[in-house]
Colleague: 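Here you go, one structure.
From a predicted model like this one, the values you see are computed outputs, not experimental measurements. This chain uses plain numbering: 1 for the first residue, then up along the sequence.
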Amino acid sequence: MKSVILSSILPMAVVVSTTAGMAEKTFAAERDKKFFQSVKGEWVGPGEIVAGKYKGTKFTCNFTGSTPDGKIGMSLDGGCRVGIFTQQMSATIQHKGREGYKGSFMGGAAGSGLDIIGGNVVSANKVVFTINRNQLRGVMQALVPNDNSMTVTVAVRVDQQLVPVIGMKLKRVDTLEVGSIAPN
């Protein structure tokens, strides 16, 4: 009798747990897509280097946020200006199946930037990604508290503590035509 009950309950338990796992993954994928969709558009705002050799350096950034067709991820492309000098900046992140999130910041470790080696979408308005370059380890966090603002923070690990080194407060800008000149 016991084996008859177990043989009928066990398959049902496997189906329920598998379905619950798939529903959780689907919910997570939708939450991730929702976050990345919120980053699409034009962003501008100030930033500052808050630690290290260039501590106190202030800059202004302009970025375009986009998402890859048919994939989960995002790109922020643009540049940041200090005085008359402009530095191109970009971050590209994409979900790579079982590997999780992978990408690069400023061309990755092979260039002058950092590799994005993992991370997750914490909520519909926050992501945290693990960054790496040789012995340098840290995180990049983006918070989108509403439709029109985004805060990006890059922190590196010093001893056992994460120390913020770059902070940006971006605002979404509308791309409205201010005026035009009629053709002759």
Colleague: What's the spacing between I117 CD1 and N132 CG if we round to 0.5 Å?
Modeller: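 Here the interatomic distance stands at 4.5 Å.
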
Colleague: Name the one of N62, V44, N148 that satisfies side-chain contact (heavy atoms from CB on, under 4.5 Å) with V173?
Modeller: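 Exactly one pass, corresponding to V44.
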
Colleague: Report yes if the side chains of M140 and F105 come closer than 4.5 Å at any heavy-atom pair, otherwise no.
Modeller: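 Answer yes - side chains close enough.
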
Colleague: Would you say that L162 contacts V139 through its side chain, given a criterion of any heavy-atom pair below 4.5 Å between the two side chains?
Modeller: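 When only atoms from C-beta onward are counted, V139 and L162 do touch, with a gap below 4.5 Å.
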
Colleague: Would you say the ring centers of F129 and F35 fall short of 6.0 Å from each other?
Modeller: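 Judged by ring-centre distance (under 6.0 Å), F129 and F35 do not meet the cut-off.
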
Colleague: Under a 4.5 Å side-chain heavy-atom rule over Ile, Leu, Val, Met, Phe, Trp and Tyr, are L143 and I166 clustered together?
Modeller: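 No, separate clusters.
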
Colleague: Taking the side chain as C-beta and beyond, is there a heavy-atom pair between V39 and L76 under 4.5 Å?
Modeller: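 A side-chain contact under 4.5 Å exists here.
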
Colleague: Is any side-chain heavy atom of D115 less than 4.5 Å from a side-chain heavy atom of I131?
Modeller: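 Result no, sub-4.5 Å side-chain heavy-atom pair not found.
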
Colleague: Mind listing the closest non-hydrogen atom pair of C61 and L170 along with its distance?
Modeller: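 Nearest heavy atoms, C61 then L170: CB-CD2, 4.3 Å.
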
Colleague: Working to the nearest 0.5 angstrom, can you tell me the gap between I72 CD1 and Q37 CD?
Modeller: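 These two atoms lie 10.5 Å from each other.
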
Colleague: Does any part of the side chain of M150, heavy atoms only, come nearer than 4.5 Å to the side chain of W43, both counted from C-beta?
Modeller: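 W43 reaches M150 side chain to side chain.
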
Colleague: For T151 and K169, work out which heavy atoms get closest and say how close.
Modeller: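 Looking at all heavy atoms of both residues, the closest pair is OG1-CG, 4.5 Å.
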
Colleague: Under the 3.5 angstrom rule, does the side chain of R137 hit a backbone N or O of V156 as a donor-acceptor pair?
Modeller: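 Not confirmed, R137 side chain does not pair with V156 backbone.
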
Colleague: For F63, run the side-chain contact (heavy atoms from CB on, under 4.5 Å) check against S90, C80, S75 and tell me which one passes.
Modeller: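 So, applying the side-chain contact (heavy atoms from CB on, under 4.5 Å) to F63 and each of S90, C80, S75, only C80 qualifies.
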
Colleague: If you apply the rule side chain to side chain donor-acceptor pair (under 3.5 Å), what do you find for Q141 with T153, and how did you get there?
Modeller: CA-CA 5 Å; Q141 174 182 295; T153 305; 5.0 Å; no

Colleague: For the residue pair G78 and Q88, what are the closest heavy atoms and their distance?
Modeller: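 Minimum heavy-atom contact is O-NE2, 3.4 Å.
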
Colleague: To check you understand the geometry: which heavy-atom pair defines the closest contact between P164 and A51, and what is its length?
Modeller: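 Smallest heavy-atom distance, with atoms named: O-CB, 3.5 Å.
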
Colleague: Do R133 side-chain atoms and Q135 backbone N/O form a donor-acceptor pair below 3.5 Å?
Modeller: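 No.
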
Colleague: Starting at OG of S38, measure out to CG of N146 and round the result to the nearest 0.5 Å.
Modeller: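 Reported to 0.5 Å precision, the distance equals 10.0 Å.
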
Colleague: Is V158 linked to V50 within one hydrophobic cluster, defined over Ile, Leu, Val, Met, Phe, Trp and Tyr using a side-chain heavy-atom separation of less than 4.5 Å?
Modeller: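 They do not share one cluster, since no chain of ILVMFWY contacts under 4.5 Å joins V158 to V50.
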
Colleague: Find out if a path of hydrophobic residues (ILVMFWY) with successive side-chain heavy-atom gaps under 4.5 Å connects V128 to V144.
Modeller: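 Shared cluster, no.
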
Colleague: About how many Å separate NZ of K58 and CD of E48, when rounded to the nearest 0.5 Å?
Modeller: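 Reported value, rounded in 0.5 Å steps: 3.5 Å.
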
Colleague: Does any non-hydrogen side-chain atom of E42 lie less than 4.5 Å from one of R172?
Modeller: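 In short, these two side chains do not touch, never coming nearer than 4.5 Å.
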
Colleague: Could you check if a side-chain atom of F59 sits within less than 4.5 angstrom of a side-chain atom of Q87, using non-hydrogen atoms only?
Modeller: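 The answer is no, as the side chains (C-beta and beyond) never meet within the 4.5 Å cut-off.
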
Colleague: Can you find a heavy atom in the side chain of Y101 that is under 4.5 Å from one in the side chain of V127?
Modeller: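 Side chain of Y101 against side chain of V127, heavy atoms only: no contact under 4.5 Å found.
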
Colleague: Out of curiosity, does M89 fall in the hydrophobic cluster containing L136 (side-chain heavy atoms, cut-off under 4.5 Å, transitive links)?
Modeller: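 Yes, L136 connects to M89 through the hydrophobic network.
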
Colleague: Quick one: OG on S66 to NZ on K40, what's the gap to the nearest 0.5 Å?
Modeller: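 Rounded to the nearest 0.5 Å, the OG-NZ separation comes out at 8.0 Å.
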
Colleague: Rounded to the nearest 0.5 Å, how far apart are CG of L114 and OG1 of T130?
Modeller: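 So the CG of L114 and the OG1 of T130 are separated by 11.5 Å.
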
